[in-house]
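For reference, the structure discussed in these notes is given below.
All figures in this text were calculated on a predicted structure; none of them were measured in a lab.
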Amino acid sequence: MRSACSSRRPRVRASNWRAEPVRALAAAFLLCAGAAAQAADYLSVGENAAVLYDAPSREAKALYVVSRYYPLEVIVNLEAWVKVRDHAGALSWIERKLLTGQRMVVVVAPSAEARQRPEEGAPLAFVAAQNVALELLGVAPGGWLRVRHADGANGYLRANLVWGA
């Protein structure tokens, strides 16, 4: 009589080589999704003036009035209201209909010198004073941003001179 053990073939664990690329792709996707969740989302005020409230209601306490193009970081999205953070770190609520997707930044340094090229020694394009909103046109290597002043002048400035990028 044969023993049960001797009649069985040794069990060999098959390599699942087809699953490895899928696992790698899933891991890469999760890493990217996590990074995207960390990236800040910014909107700008689209009206001449907008009131920021302490709660998502017009009956709530009015905190500030901000002007057109002022950038705000999105914290929470509700149907008609958005909880936002301003450049000073203050949290408030604004009606969604008052916001636009146009990307803007606000100068937080005493002044910001925009250059014609993204280099320290490049010729000066314009100078923007503190609290001036600039349109964000793009991101350049080396910590530079391409921006446009309200008067139409374009240039590059260091990202650490503005908030909202």
- Nearest atoms (heavy-atom pairs only) where L157 meets A114: CB-CA, 4.1 Å
- Task: Measure across A129 and V107 and return the closest heavy-atom pair with its distance rounded to 0.1 Å.
- Result: O-CB, 3.4 Å
- Among residues two or more places apart or on two chains, list those pairs meeting side-chain hydrogen bond (donor to acceptor under 3.5 Å, both in side chains) that have a residue in residues 116-126. R117-E119, E120-R158
- Are L136 and L134 connected in a single hydrophobic cluster, I mean Ile/Leu/Val/Met/Phe/Trp/Tyr linked by side-chain heavy atoms less than 4.5 Å apart? yes
- Could you state whether V74 and L63 fall into the same hydrophobic cluster, counting links through intermediate Ile, Leu, Val, Met, Phe, Trp or Tyr residues with side-chain heavy atoms under 4.5 angstrom apart? yes
- Write out all pairs satisfying side-chain hydrogen bond (donor to acceptor under 3.5 Å, both in side chains) with one or both partners inside residues 125-138, taking only residues at least two apart or from two chains. none
- Query: So if you build clusters from Ile, Leu, Val, Met, Phe, Trp, Tyr with side-chain heavy-atom gaps below 4.5 Å, do V76 and V45 land together?
  - Reply: no
- Selection residues 56-70 - residue pairs positive for salt bridge (charged side-chain N to carboxylate O under 4.0 Å, His left out), sequence neighbours left out: R58-E95
- V108-F126 co-clustered via ILVMFWY side chain contacts under 4.5 Å: no
- Identify, with sequence neighbours excluded, every residue that meets ring-ring contact (aromatic ring centres under 6.0 Å, His included) alongside W163. Y42
- Looking only at non-hydrogen atoms, find the nearest pair between L145 and A165 and report the distance. CD1-CB, 3.7 Å
- How far apart are the closest heavy atoms of A125 and G155, and which atoms are they? CB-CA, 4.1 Å
- Assess whether side chain to side chain contact (heavy atoms under 4.5 Å, CB included) is satisfied between M104 and Y70, documenting all intermediate values. CA-CA 7 Å; M104 304 294 287; Y70 190 79; over 6 Å; no
- From the list L98, I94, V106, side-chain contact (heavy atoms from CB on, under 4.5 Å) partner of L72 resolves to I94
- Query: Would L43 and T100 satisfy side chain to side chain contact (heavy atoms under 4.5 Å, CB included), going step by step from the backbone distance to the final call?
  - Reply: CA-CA 6 Å; L43 297 173; T100 178; over 6 Å; no
- Note on the structure: Cluster membership besides L124, Ile/Leu/Val/Met/Phe/Trp/Tyr side chains within less than 4.5 angstrom, sorted by chain and number, is V127
- Query: Once you round to the nearest 0.5 Å, how far does CH2 of W93 lie from OG of S57?
  - Reply: 11.0 Å
- Note on the structure: Applying side-chain hydrogen bond (donor to acceptor under 3.5 Å, both in side chains) to N77 and not counting sequence neighbours gives R96
- For the atom pair CG (L137) and CZ (R103), what is the distance rounded to the nearest 0.5 Å? 11.5 Å
- Which residue pairs pass the salt bridge (charged side-chain N to carboxylate O under 4.0 Å, His left out) test with at least one member in residues 77-91, sequence neighbours excluded? E73-R85
- Query: Are V82 and L99 side-chain neighbours, meaning at least one heavy-atom pair lies under 4.5 Å?
  - Reply: yes
- Message: Main chain of N48, side chain of S67: is a donor-acceptor contact present, judged purely on distance under 3.5 Å?
- Response: no
- Can you list the residues that meet the side-chain contact (heavy atoms from CB on, under 4.5 Å) rule with A55, with sequence neighbours excluded? A60
- State yes or no: do W81 and Y64 share one hydrophobic cluster built from I, L, V, M, F, W and Y residues joined by side-chain heavy-atom distances below 4.5 Å, directly or via other members? no
- Looking at residues at least two apart in the chain, or sitting in another chain, which of them share a side-chain contact (heavy atoms from CB on, under 4.5 Å) with V51? Y53, A62, V65
- Output every pair passing side-chain hydrogen bond (donor to acceptor under 3.5 Å, both in side chains) with a member in residues 137-152, not counting sequence neighbours, ordered by first then second residue. R148-N154, H149-D151
